[in-house]
Structures are given as C-alpha cells and as structure tokens.
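Worksheet: one structure, shown below.
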Amino acid sequence: MRFDELDLEPEVLEGLDAMNFRETTPIQELTIPAVLKGRDIIACAQTGTGKTAAYILPLLNLLTRDKNPGNTVRAIIIAPTRELAGQIDMQLEGFSYFLPISTLSVSGGGDGAQWDQQKRAFIKGADIVIATPGRMISHLQNSNISLSGVKYLILDEADRMLDMGFYDDIMKIAGSLPAKRQTLLFSATMPAKIRQLAKSILNNPQEINVAISKPNDAIRQMAYICYEPQKMGLIEHIFSTPIKSKTIIFSSSKQRVKELAYKLKRMKYNVRPMHSDLEQSERDSVMLDFKNGKIDILVATDIVARGIDITDIGLVINFDIPHDPEDYIHRIGRTARANAEGEAITFVSEKEQGKFYRIEKFLDKEIEKLPVPEGLGDAPEYRPSTGEKKKRFHNRRPGNRSKDRSKRNRRRNSTGNEPKPTSQN
C-alpha cells in the first residue's frame, strides 16, 4: 500500500515525500488506519519492520488535526534505552519537518543543567515527549509537572522494558496520565507478562501481529561448536586476517562485555565496550567513533544493541548464545543493512548447544558449522539432544529421589557398608 492511500494530512505526506518514503511496510499498513480511528493497539513487531513510523505517522497526523492549546504535553513515548529514545527523536524530527510539532527527549546521563532544561520544557509544554522510564519517574517525583493534557501514550519495545525491570515504573507513568487516552503498545515478543501489562493499561485493544521476519538472505550464518575456553582462541583466529569492515561482538551481560573488551584491548585490538554502565556522554562518544571508523570492534550487550543503527557493519560475532531466538535475529540483523552483505559467526559451547538448536529450529534451517582450527585442540560434538536428556536426568522428580534413597538404605543395611557409587553414563 502507498502512504498517499492512507488518510494522512498533506503536511505529513509532504514530509514522507521529502524522505523518499512511498510504500508502507506490513506493520504500517495494519497499524496506521487503526490508530487514526482512535483504537488502542497491542502490536507484535520486531526491530527493522518499520514499527517506529507505524506509530509516529498517525500520531503526527492526530496532533496536526488537534492544535495544541499551549503549555501542554500531549503525547508520551516511552523507550527502554537512551539510544532508542534518541533514534525515535531523530525520526520524529525528519517526519515532522513540515509540521508545527515540538518534541522533547528526556533521558538520564546528563548534568544538572540538562535536568533543568528538561523540567522547563515540561512546564512550557511539548507536543511529544520521548522518555526512558527511569528519567520520566524522576521528573514525576521531583519536578512537579502536570501530565493532565496527555492524550496519547506509546510504549516501544515493551518486552525489553519488562526484561530490564521497568514494570512498576510503567504502571506509575500510566497511572499519572488521564484515564481517557489512546495507548499503543509495541513488543517484539508477546509473553504472558506483556499481555498482563496490556490488560492493565489498554482499553479493548486491537491486536496486530506481524510474523517475525527471518534474517536477511545476504547474511552468511556460521557457527563454531567449541569448548568455552576455546572462544578467545577463535577470536584470535578470526582476526588473524585483517577485517575490512566494522565488527560487533555480542555478549550476554555487561560484566562479560567489560571483561571481553579488556582482554581484546590487551591483545592490541582497536576495541571499545558498549553497556549500560557508561555515562551518556561516553556512549555517544563510543558510537560516534565506531560510526566514523575510529573503532574497529564494538563489544556490546543485547539491550544496548537495539540502539545501534549503522549501515556498514560487516561482521557480527555472538560470543555467547542469546536467550531467545528473536534476540539472535536482532543481533545478526545489525549486518547486511542497506543492501550490503555480511557475516554472522556464533560460538556454541557445550552448555549452549540446546539454545543454539532452538535457534536452528526457529529459523527452520541448519546453520553452517565451521571446524575449530587445529591449534585450538579437539572440539565437542554437536549433540544438543544429549544435553537435553542430561538436563531431564538431573531434574528428576522428588519422588524418584526418595526411591533412590530407600534402595541405598536397604543396600547399606544388608551389607553394613555404604554402597559404591554406580556409573550414571
């Protein structure tokens, strides 16, 4: 569907035309008409499907039709990270270029002057506020601001916010807004806790599901089946040949990111870490240097990864297996952007084989397995089903353990000695 087939104001269409936006994506085609009709929305759509424009465009349209009476915040967009909030603000700036719409980005990491600036903007009024949950709560508690004029609430990447522990903050923010409002919730996945949140703050929502897209065919996906201590050796092997494009290495936690970046730096690689413990100014500096080619390798967590939108990343390495297959797609989707090609390499330790097998099942394909270089020693077999059986064995029901103890006691009583342990292989 073309954007000019939708019920959008001429000024909104003018901004789309200037940005060379012509055709809608599936999530935009389904969401925009429903939002324009005033419906609450719960939408399942991953990063890369155009979901940001799916709520920005109808929001701008509604705000344009209903002029701001002044000194009022009319819409609030809540995003999990400062990086994503910044991206949303940039997209709003582009789409609203021909519109008299004011925006305010509210996130932490700044100094007292930034806090005062945000407070004054709240009091003066802004059409759209883009905020992280923690910073929004801080202003609600300390800045004596009024949100009585808010008509629209958008929660972006709601599943990620709940994973970060922001459920109570979201409920407090929603509770501070007028009950009569339009609420839009976007999530890459739809677990039970998201449905619980939606039931609490949405009114008879229309549910929109866009199937999670498979990774770009231009991404060559590969894996090393290895032992955990072999992973650093694999890194050295991969970088033994100069890599001409930017590289991101994903790890499972910010502590692991710090440790890995430290090791790589000691190995003389041009690397920087990217995690939530960095100050905002540091994160901005790292991203700018990475984008401009001053940094070759970025080591990052999943949460920060969703704020990375750089087109010329040629290689993604999964140092650790992500918990969910959807996170795997998010990670490797950082490469092969803007019609380019890219590679994604995943390290699969013995304990991670079950997770990796679920990724393969989710993708409905077998990912290419590369042989571990000879200098690193023998590698384990890829037998994820064996790992599952072992897991079930060690999680026997309590009743079975009682039977085992009874047998052991009978044997001890009949011989007078503790029985020798038997093999469980």
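In this chain, numbering begins with 1 at the start of the sequence shown. Since the model is a prediction, treat every value here as computed from it, not as a measurement.
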Inset, instruction - Could you tell me whether a side-chain N or O of Thr81 sits under 3.5 Å from a main-chain N or O of Leu84, the two making a donor and an acceptor? - result: yes
Are the charged groups of [X] and [Y] less than 4.0 angstrom apart, N to O?
{"X": "Glu360", "Y": "Lys355", "result": "no"}
{"X": "Asp320", "Y": "Lys231", "result": "yes"}
{"X": "Asp312", "Y": "Lys246", "result": "yes"}

Between [X] and [Y], does any side-chain donor sit less than 3.5 Å from a side-chain acceptor?
{"X": "Thr247", "Y": "Asp296", "value": "no"}
{"X": "Tyr269", "Y": "Glu236", "value": "no"}
{"X": "Glu352", "Y": "Ser349", "value": "yes"}
{"X": "Thr183", "Y": "Arg181", "value": "yes"}
{"X": "Arg135", "Y": "Gln118", "value": "yes"}

Nearest heavy-atom pair of [X] and [Y]: which atoms, and what distance?
{"X": "Ala126", "Y": "Leu104", "value": "CB-CB, 4.1 Å"}
{"X": "Ala79", "Y": "Ala85", "value": "CB-N, 4.1 Å"}
{"X": "Ala344", "Y": "Ile219", "value": "CB-CG2, 3.9 Å"}
{"X": "Pro325", "Y": "Ile359", "value": "CA-CG1, 4.1 Å"}
{"X": "Arg331", "Y": "Ser251", "value": "NH2-O, 3.9 Å"}
{"X": "Leu370", "Y": "Glu368", "value": "CD2-OE2, 3.6 Å"}

Take a 6.0 Å sphere around [atom1] of [X] and say whether it holds more than 12 heavy atoms from other residues, nucleotides or ligands.
{"X": "Asp364", "atom1": "CG", "value": "no"}
{"X": "Met90", "atom1": "CE", "value": "no"}
{"X": "Lys369", "atom1": "NZ", "value": "yes"}
{"X": "Asp217", "atom1": "CG", "value": "no"}
{"X": "Glu23", "atom1": "CD", "value": "yes"}

Suppose we screen for salt bridge (Lys or Arg N to Asp or Glu O under 4.0 Å). Which residues come up paired with [X], at least two apart in sequence or across chains?
{"X": "Glu93", "result": "none"}
{"X": "Lys258", "result": "Asp277"}
{"X": "Asp289", "result": "none"}
{"X": "Arg266", "result": "none"}

Legend entry - Phe250/Phe319 aromatic ring centres below 6.0 Å: no
Legend entry - Aromatic ring proximity, centroids under 6.0 angstrom, Phe21 and Phe95: yes
Inset, instruction - Identify which one of Asp127, Leu92, Leu8 satisfies the side-chain contact (heavy atoms from CB on, under 4.5 Å) criterion when paired with Leu60. - result: Leu92
Inset, instruction - Not counting sequence neighbours, list each pair that qualifies as a salt bridge (Lys or Arg N to Asp or Glu O under 4.0 Å) and has a residue in residues 183-198. - result: Asp163-Lys193, Arg195-Glu207
Inset, instruction - State, yes or no, whether a side-chain contact exists between Thr346 and Ile367 at a heavy-atom distance under 4.5 Å. - result: no
Legend entry - Ring geometry between His139 and Trp115 (parallel below 30°, tilted from 30 to 60°, perpendicular above 60°): parallel
Inset, instruction - Give me the ring orientation class for Tyr382 and Phe356: parallel if the planes are under 30° apart, tilted from 30 to 60°, perpendicular past 60°. - result: perpendicular
Inset, instruction - Would you sort out whether Glu228 and Arg256 count as a salt bridge (charged side-chain N to carboxylate O under 4.0 Å, His left out), showing the intermediate values? - result: CA-CA 13 Å; Glu228 186 69 29; Arg256 292 268 283 180; 3.1 Å; yes
Inset, instruction - In sequence, state the C-alpha distance, the side-chain angles, and the governing distance for Tyr55 and Gln28, and then conclude on side-chain hydrogen bond (donor to acceptor under 3.5 Å, both in side chains). - result: CA-CA 8 Å; Tyr55 63 75; Gln28 294 163 1; over 6 Å; no
Inset, instruction - Under the ring-ring contact (aromatic ring centres under 6.0 Å, His included) rule, collect the residues that match up with Tyr227, sequence neighbours excluded. - result: none
